[in-house]
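The next block holds one structure in the form of structure tokens; read it before the comments.
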Amino acid sequence: MTDSEITEDLVRDLLLDQHPDLAGLAVREVAGGWGNQMWRLGDELAVRMQRMDPTPALQLKERRWLPLLAPRLPLPVPVPVRFGEPTERFAKHWTVMTWVPGEPLDHGSIIHGDHAADTLAGFLRALHVEAPAEAPSAADRGAHPKNCTDGFENFLQAVALDGIAGDVRVVWDDAVAAQAWEGPRVWVHGDLHPANVVVSDGTLSGIVDFGDMFAGDPAWDLAAAWVLLPAGTASRFFDRYARADEAAIRRARGLAAMKSLFLMLMGQNGDRGLPGGKPHWGPLGRAALDRVLKGV
């Protein structure tokens with residue numbers, strides 16, 4: 001079965017088969033998503049369908065760990081409440097999760113920057129605690145910037161930068177030269193970008209998509225100070241977070257540069273009509289890169 005065949009009827013049939021008490025709720029497709037496709041289920045739930053992800057590993061990770069993490073996090077996050085197992089009708093995993101209300105930041109905006117900075121800092125302080133030994137390690141992210149140089153160079157070469165490539169490289173080289181994380185392995189969301197946070201009333205109101213979470217260097221999340229927050233609020237964020245030393249901030253800023261380039265590349269791909277491309281991400285990535293270069 002291909003992703004194009006994931007329909008409202010299929011979702012309802014799967015619910016009838018495995019969770020019939022939920023099958024009477026309204027089913028509505030949610031735009032966006034790549035590795036997984038989301039469907040609203042009534043007002044308070046959503047069905048997360050494995051789509052382009054080649055394995056169910058990310059969903060299974062969320063199933064195991066989010067119920068343990070969610071109770072101590074100060075913002076709403078999706079919590080798995082029912083599991084859907086592969087069948088002949090749909091040979092992939094799916095999960096019923098709580099719905100996090102709000103608008104994705106890539107379709108919304110943050111107006112109250114100071115409030116959002118304080119909110120993000122509080123959320124990451126609560127998340128970034130020492131993880132148990134069996135917590136997942138990073139897969140394609142989580143390493144020190146010096147071990148991510150190939151990815152950075154690929155993004156840098158692929159994106160049209162109008163004469164600022166040298167300035168971006170200076171930020172990256174500074175991150176590469178920064179001391180490595182020497183603290184305990186802490187929980188890290190790992191993929192904080194504008195489509196994975198939601199906003200309400202002009203500020204952050206929820207965090208979604210924990211499929212890439214891992215235990216390791218918190219700098220991967222601290223990059224959100226520039227990727228998500230409005231200009232001029234990064235210093236307030238780090239003051240409120242209060243756990244990042246100079247090396248962590250340098251690593252985070254370099255990682256923010258790389259994440260900004262990724263957003264810009266996805267925007268370019270969208271402009272060219274390539275699969276998975278998102279035209280509206282280009283301006284978001286460029287704005288984030290400007291914040292990175294200004295360091296604010």
Side-chain angles (χ1 to χ4, degrees), residues 1-71 76-104 106-107 134-141 189-191 193-198 206-214 266 269-270 273-281:
M1 172 165 294
T2 66
D3 59 281
S4 62
E5 294 173 291
I6 300 177
T7 64
E8 178 183 337
D9 288 341
L10 172 65
V11 175
R12 194 174 304 285
D13 286 349
L14 294 175
L15 288 166
L16 277 168
D17 181 43
Q18 298 190 37
H19 300 287
D21 59 310
L22 300 179
L25 296 172
V27 175
R28 308 185 299 283
E29 185 175 2
V30 178
W34 177 247
N36 294 278
Q37 187 178 30
M38 295 287 287
W39 294 77
R40 287 288 301 273
L41 182 61
D43 293 329
E44 298 181 356
L45 298 172
V47 183
R48 189 164 163 85
M49 310 281 290
Q50 182 189 341
R51 179 162 60 176
M52 301 303 292
D53 283 345
T55 78
L58 303 186
Q59 274 203 41
L60 298 180
K61 191 196 305 187
E62 289 184 323
R63 288 183 184 183
R64 178 175 182 187
W65 294 108
L66 276 176
L68 300 176
L69 292 172
V77 301
V79 180
V81 294
R82 303 283 185 91
F83 301 160
E85 303 306 328
T87 61
E88 186 174 339
R89 180 81 191 276
F90 184 70
K92 295 183 178 182
H93 286 73
W94 50 281
T95 305
V96 179
M97 313 182 82
T98 55
W99 175 254
V100 178
E103 185 176 30
D106 65 329
H107 291 286
E134 64 271 24
S137 298
D140 61 341
R141 62 197 75 210
H189 179 282
D191 197 23
H193 62 67
N196 286 344
V197 301
V198 297
I207 310 289
V208 299
D209 197 347
F210 283 74
D212 287 306
M213 65 180 162
F214 63 87
M266 292 292 283
N269 289 347
L274 298 176
K278 299 182 184 296
H280 65 294
W281 282 18

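Closest approach of Met213 to Lys61, counting heavy atoms only: O-NZ, 2.9 Å. A pairwise comparison of heavy atoms in Val27 and Trp39 identifies CG1-CE3, 3.6 Å as the closest pair. A pairwise comparison of heavy atoms in Gly277 and Pro279 identifies O-CD, 3.9 Å as the closest pair. Phe210 approaches Pro78 most closely through the heavy-atom pair CE1-CD, 4.3 Å. Between Thr98 and Leu45, the shortest heavy-atom contact is CA-CD2, 4.1 Å. Trp65 approaches Pro136 most closely through the heavy-atom pair NE1-CD, 3.5 Å.
Checking side-chain atoms of Arg89 against main-chain N and O of Leu14 turns up no donor-acceptor pair under 3.5 Å. The main-chain N or O of Arg48 is never found under 3.5 Å from a side-chain atom of His93 such that the two would form a donor-acceptor pair. Between the Lys278 side chain and the Gly270 main chain, no donor and acceptor come within less than 3.5 Å of each other. The closest donor-acceptor contact from the side chain of His189 to the backbone of Asp209 lies under 3.5 Å. Under the 3.5 Å distance criterion, the side-chain polar atoms of Gln18 are matched with a main-chain donor or acceptor of Glu85.
Using a 4.5 Å cut-off on side-chain heavy atoms (C-beta onward), Trp94 and Leu10 make no contact. Using a 4.5 Å heavy-atom threshold, the side chains of Leu69 and Val77 count as separate. The closest side-chain heavy-atom distance from Trp281 to Pro194 is not below 4.5 Å. The closest side-chain heavy-atom distance from His193 to Met266 is not below 4.5 Å.
Going from atom CZ of Arg12 over to atom CG of Leu41 covers 8.5 Å, rounded to the nearest 0.5 Å. Distance check, rounded to the nearest 0.5 Å: CD of Glu8 to CG of Asp13 gives 10.5 Å. Interatomic distance, CG of Leu25 versus CG of Leu15, reported as 8.0 Å (0.5 Å rounding). Put simply, CG on Asn36 and OG1 on Thr95 are 8.0 Å apart, with the number rounded to the nearest 0.5 Å. Taking CD from Glu29 and CE from Met49, the interatomic distance works out to 10.5 Å, rounded to the nearest 0.5 Å. Atom CE of Met38 is separated from atom CD1 of Ile6 by 12.5 Å, given to the nearest 0.5 angstrom.
Around atom CD of Glu44, no more than 12 heavy atoms belonging to other residues, nucleotides or ligands sit under 6.0 Å away. Applying the 6.0 Å contact sphere to CG of Asp21 captures more than 12 heavy atoms from other residues, nucleotides or ligands.
Of the candidates Leu66, Val79, Val208, Leu66 is the only one forming a side-chain contact (heavy atoms from CB on, under 4.5 Å) with Met97. Among the candidates Asp106, Asp212, Asp191, the single residue satisfying the side-chain hydrogen bond (donor to acceptor under 3.5 Å, both in side chains) test with Asn196 is Asp191.
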